[in-house]
**Q** 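If you scroll down you'll find the structure; I have some questions about it.
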Amino acid sequence: MTAPDSGSLPTTHDAAALQAAWYPRWDANGVFAPDPARAGAEPFVIVMPPPNVTAVLHVGHGLNNTVQDVLIRWRRMAGDDALWVPGTDHAGIATQNVVEKQLVAEGLTRFDLGREPFVARVAEFVDKTGGAILEQLKAIGASADWTRTAYTFSPALSTAVREAFVRLHEDGLVYRGKRVIHWCPRCGTSLSDEEAEFTDTAGSLYHLRYPLADDPSQGITVATTRPETMLGDVAVAVHPEDDRYRALVGRALALPLTGVRIPVVADAYTDPAFGSGAVKITPAHDANDFEVGKRHGLAMPVVLDAEGVVREGEDAAGRVPAALAGLDRFAARAAIVEQLRAAGALVKVEPHPHSVRHCYRCDTVVEPRLSNQWFVHMRPLADKALAALRGGQLRILPERWEAVYVNWLEGIRDWNISRQIWWGHRVPVWYCEAPGCGQAPVVSRTDVAACPACGGAVRQDADVLDTWFSSWLWPFSTLGWPDAGHADLRRYYPGDVLVTAPEILFFWVSRMVMAGCWFLGETPYHTVYLHGTVRDMQHRKMSKSLGNGIDPLDVVRQYGADALRWTMVAGLGLGVDVMLDPTDLDKSFAPGRNFCTKLWNIGRFLLSRVGAEPVTPVAALPAEALTAADAWILTRLDEAIRECDAALGPARPAVDRTWTEAERGRGLRLSEYAEAARRFVWNELADWYLESVKPRLAADGADREVARAVLAHAFDGALRLLHPIVPFITEALWQQLPGTTAGTFLAQAPWPAPRAEPVGDGAPFALAQEAVVAIRQLRAEYGVPAGSWVEGVLVAPAALVAALTAQLPMVAALARTRLLVAEAAPGGAAAQALLRDGVEVVIPLAGMVDVEKERARLSGELADLERHLAALEGRLANEKFVAKAPPALVEAERAKAAEWRVRCGQLATKLAALDA
RNA sequence: GGGCGAAUAGCUCAGCUGGUCAGAGCACCUGUCUUACACACAGGACGUCGGGGGUUCGAAUCCCUCUUCGCCCACCA
């Protein structure tokens, strides 16, 4: 630990050095882990949205984790037992895809390796390269408890996954069923509804004519966007009330190309207004058709295989002409359309923009496909999650997302949790291999080696679970669940805030709430904070494929982690997107860079003046020793603290983990918090107090000590307020403050509180500020060189002369104007004077009046004032206003009008004097 | 097709429950290397708060409508 020595601060702010100096010290001194000494404190828990284990840090992670770090540092300082649990996600499909790509480069597929070796290879890859992102998070200052780093595929979390699956099965909510699901032919697996994302596509609508089997002169025209599926058609459906087709219901049609006979059925699913009002039914390759097929007991021939290739699958014998077999689905579409055209069955093709589902991992067009999958029946879980929001155990900020959450949960559909990939948690179900044994599938928390009935061989279900099936347990699986007695689980569950982006509200956020409510009976957090997305100047989301990304580590290298953090937090209105220009980092990160430089300079100068000797605590200073400036800055600090507290809001519901209506929408306004702290340290402490206090610090004596004490105190407060946002600079500066004890950290220092019994107020100094501003304006107006001293007379009403006189040296120094103070009867003899907003009057600086300029200025000002006065008088003459407006307001308006009338008189007199 | 949100200074946005609310940052203009800071300081200019109605003594702030964007959901074959 370096001894406090302000002389040791380098003149320029070296962000890299600060980061290298402080992060390891925090880590080594246990700043990030919960403090055993805080066992009696309230826990405050955030679980980190686990990045994919193979991910590299992008600016979205940067934003997300900065927000979390700001919150956790804030609560840590506020005295909570703060815990931020970090970790990574094994990211089933995504990670498998990465390794499969490597294999492709080697000319191999996963099937060449086989399941076990492939999984081993992925695990090895993850071991070697995975989790790098967590190291990168340290570079931006993330103060997570790294001793608790978790991984969704660790043995401990695998136990949790099995427990969850088995428990849901016991609850009757897990089932296996044959359904049409979203299938990614490239990944070779099913996807959940959420994983199959819509993309607007300029498709075509093909109108096909299906003739009656026994009377080809008649027929029905159907419309489809996927003509290749016609091979799997088993019916044509028309609306029961549709008179056009009523006579045809029950008749047989001959499928073109193959001649397969299919019936016309009546089903209300059909919309008579769409297309021809008749729809072809392909139960194996369309979820709706599947429902129709079930209703009518139709066959469900599969004509596309797992790779999306046309092929006779289950129930499809004789349905695929040899010429088409083996064609990829898109090649098949073209071929079939051609053949239909040749056969005269293609009525027309029209452009048809529509939404087509794509795989969220590889962007391949999803193929609906009939297959056996595992599902979770979500209704009962969703009901609990809805109740939690409605009951106030959960809130979502910004609140408008609550409606989206409710809407989704109300319409919840069963969750397809099985995936036909290899990288992930195996479905914990075993089947007896012995023919005729009759043993039902065994769902088990532990591996099953032999059939419990016949003792014969068993095989485990080949599927793995959706990666989100482990993620949704994250808030408690990371804390020791399912071990109900685990110390972490008991102490830190439920947690507090979840910080994430709206994109995964359904994927993850809602499901965590459901899991928490279902398995533990409590929501995993009381607040969901949804931040915006980082976008470029064209408002496009930053992405690798667009090449418009920003590498946070680049920013850290160029401007420092603090500058990165400041820029993001200061621009982070609640739920508002953050716009950054990837082509101009200098401009994008100017706010953070400038602020950090300024803060450093403030600290460097202030510390050099305060020196290293101990200072008197502010509370111990005699009230009468405080100057107007001292009283003012202490008042401003109190106010800044209040503003920061108000912006950050309640850390948790006050009572019973339940939000009241009054609390619900409050807090987490990070940009407001940043602005309040910035204004204090820059516009108040540096621009005014520090400037005003320079002469006092240069002199010797008791007043110097008072100034030192107040300065140190105010800066200490500022550093505490700012630390959560810019931890490195604030820590480095704070360590140099005379009051700092060696071995303590700002990161663990108490969050400031406003004084309980303020001494003095800010009014007298505010008066001096007005005088200074007025003089500066005059100087600028008359082009007085900034460095030169001039003389002037400050004129003020008698009541204020005393207050101003005491501050005259300070005002003079700040305005570089030697001043006399003179008394004037309000509105009277000082008619010559230039008035500015109220009380103080500054006589034009001797000999510097430019008559023309002054006349123009005065008449302009007079015209403005007269206009405003007329409006104000009009309002006061309005009887309704006087009758209905609050009396206090009316009084204030009257006073204002009187003041303005006087002002107008003064200006007019002055103009006249000028002309004379 | 439903639902939600946004339109305020050149840009990105604050302005919560109607009465100093017309603001901040960046950009811009004019001075200044005033011995902490030119990534700064001082002073300035800039908006009839998307259009149109309405409620009210009074609206950027509430209601209706139009226009333009954005987001979410949805089984338009």
Side-chain angles (χ1 to χ4, degrees), chain A residues 9 11-13 198 205 222-226 229 237 269-271 273-282 286-292 352 354-355 368 398 400-401 403-405 407-408 411 502-503 505-506 533 535 537 539 559 563 567 570-581 586-609 665-666 669 671-672 675 678-679 686-687 690-691 694 772-773 776-781 783-789 813-816 875 878-886 889-890 892-893 896:
Chain A
L9 289 177
T11 52
T12 54
H13 153 229
F198 283 105
L205 192 59
V222 297
T224 178
T225 55
R226 295 187 299 148
T229 61
Y269 157 67
T270 309
D271 173 6
F274 186 89
S276 61
V279 54
K280 63 195 245 350
I281 300 299
T282 323
D286 184 286
N288 296 304
D289 293 4
F290 173 75
E291 295 301 326
V292 175
H352 183 69
H354 61 140
S355 281
R400 69 186 130 91
W401 285 103
V404 177
Y405 168 94
N407 183 284
W408 185 75
E503 287 100 278
L505 184 59
F506 306 141
T533 306
R535 299 179 183 277
M537 301 322 278
H539 297 193
Y559 313 107
T567 300
L572 200 64
L574 183 63
V576 171
D577 289 344
V578 178
M579 305 295 169
L580 295 171
D581 186 350
D586 249 9
K587 186 177 175 189
S588 292
F589 293 94
R593 181 200 58 186
N594 295 357
F595 178 72
C596 289
T597 305
K598 181 68 182 183
L599 182 59
W600 183 257
N601 278 310
I602 293 169
R604 198 161 59 85
F605 177 66
L606 183 150
L607 291 166
S608 77
R609 294 306 157 97
R666 299 199 171 278
R669 266 65 175 181
S671 58
E672 291 176 26
E675 173 56 20
R678 188 203 66 80
R679 193 171 53 231
D687 287 351
L690 199 46
E691 290 299 328
K694 279 177 178 175
V772 170
V773 169
R776 281 176 179 166
Q777 281 174 337
L778 268 185
R779 289 177 59 110
E781 196 105 28
V784 179
S788 66
W789 281 73
L814 290 173
R816 299 196 156 253
R875 195 175 341 163
N878 182 331
E879 287 162 28
K880 288 182 178 172
F881 170 71
V882 177
K884 295 194 176 185
L889 179 71
V890 176
E893 299 278 64
K896 191 156 57 171

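Letters A, B, ... are given to chains in the order of the sequence lines, protein chains preceding strands, and every chain is numbered from 1. Atoms considered below: every heavy atom in the structure, side chains included; atoms not considered: hydrogens, waters and symmetry mates.
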**Q** Just to verify, what does A/R669 make a salt bridge (charged side-chain N to carboxylate O under 4.0 Å, His left out) with, not counting sequence neighbours?
**A** none

**Q** Sticking with atom C1', work out how far B/C66 lies from B/C29, rounded to a whole angstrom.
**A** 39 Å

**Q** Is a side-chain donor or acceptor of A/S588 paired with a backbone partner of A/D581 at a separation under 3.5 angstrom?
**A** yes

**Q** For B/C69, which nucleotide in any strand shown is its Watson-Crick or wobble partner with both distances under 3.5 Å?
**A** B/G5

**Q** Taking only the C1' atom of each, what is the distance from B/C26 to B/A9 in whole angstrom?
**A** 12 Å

**Q** Is any side-chain heavy atom of A/L580 closer than 4.5 Å to one of A/T567?
**A** yes

**Q** Calculate the interatomic distance between A/E879 atom CD and B/U56 atom P; express it in whole Å.
**A** 17 Å

**Q** Quick one: what's the B/S/- string for nucleotides 5-21 of chain B, heavy-atom cutoff under 4.0 Å, read 5' to 3'?
**A** S------SSSS---B--

**Q** In whole Å, what separates the P atom of B/C76 from that of B/C21?
**A** 50 Å

**Q** Rounded to whole angstrom, note down the C1' distance from B/G50 over to B/A7.
**A** 6 Å

**Q** Taking for each residue the nucleotide of RNA chain B with the nearest heavy atom, is it A/R678 or A/K880 whose nucleotide lies nearer the 5' end?
**A** A/R678

**Q** Counting Watson-Crick and G-U wobble pairs only, both distances under 3.5 Å, name the nucleotide matched with B/A74, or none.
**A** none

**Q** Would you mind reporting whether A/Y269 and A/E291 have side-chain heavy atoms less than 4.5 Å apart?
**A** no

**Q** Could you give the distance separating B/C28 and B/G10 at their C1' atoms, to the nearest angstrom?
**A** 9 Å

**Q** Which residues pass the salt bridge (charged side-chain N to carboxylate O under 4.0 Å, His left out) test with A/D586, sequence neighbours left out?
**A** A/R593

**Q** Could you work out the separation of B/U61 and B/U20 based on their P atoms and round it to a whole Å?
**A** 14 Å

**Q** Kindly give the heavy-atom pair with the smallest separation between A/H352 and A/H354, and that separation in Å.
**A** O-CD2, 3.1 Å

**Q** Taking any strand in view, what nucleotide pairs with B/G58 in a Watson-Crick or G-U wobble way, both distances under 3.5 Å?
**A** none

**Q** Among residues at least two apart in sequence or on other chains, which ones pass side chain to side chain contact (heavy atoms under 4.5 Å, CB included) with A/P398?
**A** A/R400, A/W401, A/L530, A/L574

**Q** Looking only at atom types and distance, does a side-chain atom of A/N601 sit under 3.5 Å from a main-chain N or O of A/T597, one as donor and one as acceptor?
**A** yes

**Q** Could you run down nucleotides 35-41 of chain B 5' to 3' and tag each one B, S or - for protein heavy-atom contact under 4.0 Å?
**A** -BB-BSS

**Q** Would you mind pulling out the nucleotide paired to B/A27, Watson-Crick or G-U wobble, both distances under 3.5 Å?
**A** none

**Q** Can you tell me, in whole Å, how much space there is between the C1' of B/U30 and that of B/C13?
**A** 27 Å

**Q** Both distances under 3.5 Å, Watson-Crick or G-U wobble: report the partner of B/U17, or none.
**A** none

**Q** Who does B/A22 pair with, Watson-Crick or G-U, both distances under 3.5 Å?
**A** none

**Q** For nucleotides 72-77 of chain B, read 5' to 3', which letter fits each nucleotide if B means a protein heavy atom sits under 4.0 Å from the base, S means only the sugar-phosphate is that close, and - means neither?
**A** SS-BSB

**Q** Considering only heavy atoms from C-beta outward, does the side chain of A/D286 approach that of A/R226 to under 4.5 Å?
**A** yes

**Q** In Watson-Crick or G-U wobble terms, both distances under 3.5 Å, what is the partner of B/G47?
**A** none

**Q** When you compare the side chain of A/W408 with that of A/L505, does any pair of heavy atoms fall below 4.5 Å?
**A** no

**Q** Does some side-chain heavy atom of A/L814 sit less than 4.5 Å from a side-chain heavy atom of A/R776?
**A** yes

**Q** Has A/R535 got more than 12 heavy atoms of other residues, nucleotides or ligands less than 6.0 Å from its CZ?
**A** yes

**Q** How far, in whole Å, is B/C46 from B/G1 if one measures between their C1' atoms?
**A** 44 Å

